Amino acid sequence: MTRQSPTRHPQALIIGSGAAGLSLAIHLAGHLRVAVVSKGPLQEGSTYYAQGGISAVLDERDSIESHVADTLNAGAGLCDERVVRFTVERSRQSIRWLQSLGVAFTEVPDPQGEHVLHLTREGGHSHRRVAHAADATGRAIESVLIERVRRHPNIDILEDHIAIDLVTTHRLTGEGNRCLGAYIQNRSTGRIEFFEAPRVALATGGANKVYLYTSNPDTSSGDGIAMAWRAGCRVANMEFIQFHPTCLYHPQAKSFLITEAIRGEGGRLLLPDGSEFMHRFDPRGVLAPRDIVARAIDHEMKRLGADCVYLDISHRPAEFIRSHFPTVYERCLHFGYDITRQPIPVVPAAHYTCGGVVTNLHAQTDIGGLYAVGEVAFTGLHGANRMAINSLLECLVFARAAAEHILAGRGDAAPGVTVPPWDESQVTDSDEEVVVSHNWDELRRFMWDYVGIVRTSKRLQRAKRRVDLLIGEIDEYYSHFRVTGDLIELRNLATVADLIIRSALARKESRGLHYTLDYPKADPRLDHVNTVLRPPGSREAFAPLRIGITPDAGGTPGSS
Ligand SMILES: Cc1cc2nc3c(=O)[nH]c(=O)nc-3n(C[C@H](O)[C@H](O)[C@H](O)COP(=O)(O)OP(=O)(O)OC[C@H]3O[C@@H](n4cnc5c(N)ncnc54)[C@H](O)[C@@H]3O)c2cc1C
């Protein structure tokens with residue numbers, strides 16, 4: 001029997017409640033009735049865990065040109081300069097907007113006794129330009145945004161609601177290219193409803209959960225990228241996954257980053273036998289850039305078959321350690337490691353997804369009425385390597401850009417197409433949940449082993465064969481059993497794994513975050529060439545996209 005479910009009709013549907021989704025909701029809510037859905041509690045997403053801060057040109061010795069140049073430099077020839085400039089030029093405005101909402105950034109008195117923002121400096125930035133709220137900037141931002149959306153009468157918040165798929169005119173009728181809404185499951189009741197909305201925004205974050213070790217919360221399963229791909233959007237640069245070199249290695253300590261400042265203060269990286277190894281990889285030793293350190297750790301772990309390496313700061317005075325790294329000290333102690341006396345077990349961890357759904361300067365995707373904002377999107381800002389601290393800025397800048405575009409065309413009506421209710425007539429409750437949990441583990445492990453920090457064509461091909469098999473199994477399972485949150489995420493993870501592997505196979509060079517032993521150098525012929533995958537059914541399955549022909553503001557993608 002087909003279960004009928006009520007249809008919801010917000011004027012804008014936002015899927016995701018991190019910095020991107022909530023900023024967009026606040027910008028729109030003065031004019032439109034907005035629904036924000038999040039698949040867990042509202043605050044659960046990467047935004048809440050961001051530590052360092054947000055980059056912005058605020059210091060009088062700093063300049064837009066300098067921030068642009070640093071970002072282009074980090075991006076290793078693949079940033080779109082127009083997008084970088086667009087973002088950086090709006091950085092000051094973004095910080096001021098957050099302050100106007102009530103975000104309390106850390107301040108210090110200037111020589112005249114006035115309170116001014118305290119700016120720190122992070123790797124790759126040639127000036128102090130990181131506004132922060134102590135070492136918990138994400139929590140400060142997310143809490144203020146949540147408070148705002150909760151009290152706005154025009155914003156309907158639906159926690160524990162997971163989007164399953166987008167509905168488009170093309171999927172229903174085979175014609176046109178417009179988004180009509182999304183099927184969304186209420187996780188507490190299991191009920192699936194169609195949310196009909198003339199404007200839909202994906203703000204679902206990254207896909208880093210596809211790896212065994214990640215600094216991200218469980219929400220980062222690439223749902224938005226997979227949904228957009230199935231609906232017909234292009235996806236770009238998925239091979240560029242940023243790995244953080246040191247995450248605490250402990251079965252219960254999911255996602256805890258050990259700050260790189262520990263290495264800056266004399267921390268040594270050690271193999272399980274207590275020997276140092278970084279000087280064999282780079283003359284700067286433990287102070288080499290993030291990518292080199294992550295690569296060296298990965299190499300040694302694979303060579304030795306070791307579960308982790310160790311970061312040791314215990315030779316510094318205990319008082320110094322406790323006062324400089326209070327959060328790390330407390331957290332490690334909680335898991336049984338006193339870092340004033342013993343080394344910390346660490347592994348590198350997937351940290352940031354540079355690629356995503358292709359968008360333009362209005363955050364429009366290839367599908368009319370569908371926007372993508374935040375880590376889910378490929379705007380062209382990050383290129384082959386995200387410069388630290390630029391990502392929250394991207395969320396804020398593109399949320400505003402999307403809102404401006406949506407509001408400028410808010411009279412547009414979606415075509416009157418009848419959307420059928422979710423059909424569960426052919427499925428039953430699963431009696432084999434073990435298939436889902438097994439495939440989750442298998443997928444994340446082979447992605448870590450074969451598609452991780454150091455790649456080879458052979459390992460990638462091995463991964464491709466495995467992901468093809470898993471996708472077949474998951475599709476079969478999906479068509480026979482009622483969907484659950486775990487199954488939805490597994491299906492999406494398999495899709496993004498496939499996109500990452502295909503993109504990595506396509507890039508026959510090493511550049512930025514993509515490093516392969518088969519092509520260890522950058523190929524100058526591929527300067528400015530992004531990896532763009534086109535969904536099945538489009539004219540070409542794969543085509544390189546040259547920077548500069550990403551769609552102009554106001555043009556395609558998106559028909560409106
Ligand atoms: C530990 C850590 C530290 C970081 N530090 C910094 C930093 O200092 N500075 C910086 O600029 N960046 C930092 N980053 C990166 C930055 O935090 C993220 O890129 C950014 O917060 C992403 O925001 P977002 O709104 O796109 O997604 P998120 O904040 O990840 O939010 C995603 C939202 O989507 C929802 N969602 C996902 N799938 C679905 C679905 N199917 N249905 C319904 N809802 C769904 C989730 O529930 C969540 O609400 C850090 C990241 C981590 C993990």
Side-chain angles (χ1 to χ4, degrees), residues 13-25 35-56 91 94 120 122 130-133 135-142 145-146 157-166 182-187 195 201-209 214-228 242 244 247 254-259 349-354 356-357 363 372-377 381-382 386-396 398-399 483 485 488-489 491-493:
L13 169 64
I14 299 172
I15 304 172
S17 58
L22 296 187
S23 312
L24 178 57
V36 176
V37 300
S38 68
K39 65 181 172 181
L42 211 54
Q43 77 278 1
E44 194 58 11
S46 288
T47 299
Y48 188 80
Y49 298 95
Q51 296 169 352
I54 310 188
S55 57
S91 60
S94 301
T120 59
E122 283 254 351
V130 182
H132 63 104
D135 62 353
T137 310
R139 188 168 18 162
I141 294 172
E142 183 74 4
L145 294 177
I146 286 178
I157 295 169
L158 297 116
E159 293 172 269
D160 280 325
H161 279 65
I162 181 165
I164 304 172
D165 256 323
L166 299 167
Y183 286 119
I184 293 178
Q185 183 179 48
N186 178 335
R187 297 179 87 164
F195 281 56
L202 295 168
T204 46
N208 305 303
K209 190 81 190 163
T214 173
S215 66
N216 286 204
D218 289 348
T219 49
S220 302
S221 49
D223 297 2
I225 298 173
M227 283 190 279
Q242 188 170 67
H244 193 284
C247 212
K254 287 203 294 192
S255 324
F256 185 65
L257 280 191
I258 306 291
T259 169
H351 188 53
Y352 188 81
T353 311
C354 291
V357 183
V373 186
E375 196 169 332
V376 65
L381 174 66
H382 304 300
R386 170 190 77 127
M387 187 167 71
I389 311 290
N390 265 351
S391 36
L392 283 170
L393 177 62
E394 186 186 38
C395 292
L396 298 170
F398 282 88
V483 295
I488 293 164
E489 289 183 346
R491 179 176 177 236
N492 293 331
L493 283 175

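One-based numbering, in listed order, for ligands and for the atoms of each. These figures come from a predicted structure and were not determined experimentally.
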the protein heavy atom lying closest to atom 44 (N) of ligand 1 turns out to be K39 N, 3.2 Å
min-distance protein heavy atom vs atom 26 (O) of ligand 1 -> E375 N, 3.0 Å
Worksheet item: With no hydrogens and no angle check, is any side-chain donor or acceptor of S38 less than 3.5 Å from a backbone partner on S17?
Response: no
among protein heavy atoms, the one nearest atom 53 (C) of ligand 1 is N216 ND2, 3.3 Å
Q.
I want to know if ligand 1 touches A20 in the polar sense, i.e. an N/O pair below 3.5 angstrom.
A. yes
shortest atom 37 (C) of ligand 1-to-protein heavy-atom contact is with T204 O, 3.4 Å
With a 4.0 Å cut-off on heavy atoms, is I54 touching ligand 1? no
If you count heavy atoms of other groups shown closer than 6.0 angstrom to CZ of R187, is the number above 12?
yes
Residues A19 and E142: closest non-hydrogen pair is N-OE1, 3.7 Å
>> Does either side chain, that of S221 or that of K39, offer a donor lying less than 3.5 Å from an acceptor on the other one?
In response: yes
* Could an N or O of ligand 1 be found under 3.5 Å from any N or O of G206, whether backbone or side chain? -> no
Honestly, for Q51 the part within reach of ligand 1 (heavy atoms, under 4.0 Å) is backbone
Is T47 in polar range of ligand 1, meaning some N or O pair under 3.5 Å apart?
yes
protein heavy-atom neighbour closest to atom 8 (O) of ligand 1 works out as G52 N, 2.8 Å
Is the closest heavy atom of V376 to ligand 1 under 4.0 Å? no
Ranking G222, G40, S46, A19 by closest non-hydrogen atom to atom 17 (O) of ligand 1, top hit is S46
ask   = Quick one: does N216's side chain have a donor or acceptor within less than 3.5 Å of a partner on S46's backbone?
value = no
Per-atom filter on ligand 1: closer than 4.0 angstrom to a heavy atom of H351 are 2 (C), 3 (C), 51 (C), 52 (C)
The answer for which part of R386 has a heavy atom under 4.0 Å from ligand 1 is side chain
Nearest heavy-atom approach of C395 to G374 is SG-CA, 3.8 Å
| Are H161 and ligand 1 in contact, using a heavy-atom cut-off of under 4.0 Å? | yes
Per-atom filter on ligand 1: closer than 4.0 angstrom to a heavy atom of G374 are 26 (O)
In ligand 1, the atoms that come under 4.0 Å of a heavy atom of E44 are 46 (C), 47 (O), 48 (C), 49 (O)
Taking A207's backbone N and O only, do any of them form a donor-acceptor pair with T353's side chain (distance below 3.5 Å, no angle check)?
yes
The atoms of ligand 1 lying under 4.0 Å from a heavy atom of G45, numbered in the order shown, are 29 (O), 30 (O)
Counting heavy atoms under 4.0 Å, the part of A163 that contacts ligand 1 is both
Q. Is there at least one pair of N or O atoms, one from L392 and one from ligand 1, spaced under 3.5 Å apart?
A. yes
Out of I184, I14, D223, the nearest non-hydrogen contact to atom 38 (N) of ligand 1 is supplied by D223
field: Flag, side chain of H132 to backbone of V130, donor-acceptor distance under 3.5 Å
entry: no
Minimal heavy-atom distance between G224 and V357, with the atoms involved, is O-CG2, 4.2 Å
Under 4.0 Å between heavy atoms, the region of Y48 that gets near ligand 1 turns out to be neither
On a heavy-atom basis, the closest approach of D165 and R491 is OD2-NH1, 3.2 Å
(Q) Would the distance check show the side chain of T214 and the main-chain N or O of A350 forming a donor-acceptor pair, the cut-off being under 3.5 Å? (A) yes
message = Within the 4.5 Å heavy-atom criterion, are L22 and I146 side-chain neighbours or not?
response = yes
Note: ligand 1 atoms sitting under 4.0 Å from heavy atoms of Y352 are 19 (O)
In terms of heavy-atom contacts, D218 and E489 come closest through O-OE2, 4.3 Å
The atoms of ligand 1 lying under 4.0 Å from a heavy atom of A50, numbered in the order shown, are 3 (C), 4 (C), 5 (N), 6 (C), 7 (C), 13 (C), 17 (O)
Per-atom filter on ligand 1: closer than 4.0 angstrom to a heavy atom of V37 are 44 (N)
Close approach, I389 and ligand 1, non-hydrogen under 4.0 angstrom
yes
Close approach, A203 and ligand 1, non-hydrogen under 4.0 angstrom
yes
### Task
Please say whether Y49 places an N or O atom under 3.5 Å from an N or O atom belonging to ligand 1.
no
Original post:
Looking at side-chain heavy atoms only, is the closest gap between L13 and I184 below 4.5 Å?
Top reply: yes
for atom 35 (C) of ligand 1, nearest protein heavy atom and its distance come out as G16 CA, 3.5 Å
Given H244 and Y352, is the side chain to side chain donor-acceptor pair (under 3.5 Å) satisfied, shown in steps? CA-CA 9 Å; H244 193 284; Y352 188 81; over 6 Å; no
Between L24 and I14 the two heavy atoms that sit nearest each other are CG-CD1, 3.8 Å
Heavy-atom proximity to atom 9 (N) of ligand 1, picking from S391, C247, G53, S215, points to G53
**Prompt:** Looking at ligand 1, does H244 have a heavy atom less than 4.0 Å from it?
**Reply:** no
heavy-atom search around atom 27 (O) of ligand 1 in the protein gives G205 CA, 3.4 Å
Start with the C-alpha distance between E375 and N208, add both sets of side-chain angles, then the distance that settles side chain to side chain donor-acceptor pair (under 3.5 Å), and finish with yes or no. CA-CA 10 Å; E375 196 169 332; N208 305 303; 3.1 Å; yes
Original post:
Are the side chain of Q185 and the backbone of I164 linked by a donor-acceptor contact shorter than 3.5 Å?
Top reply: no
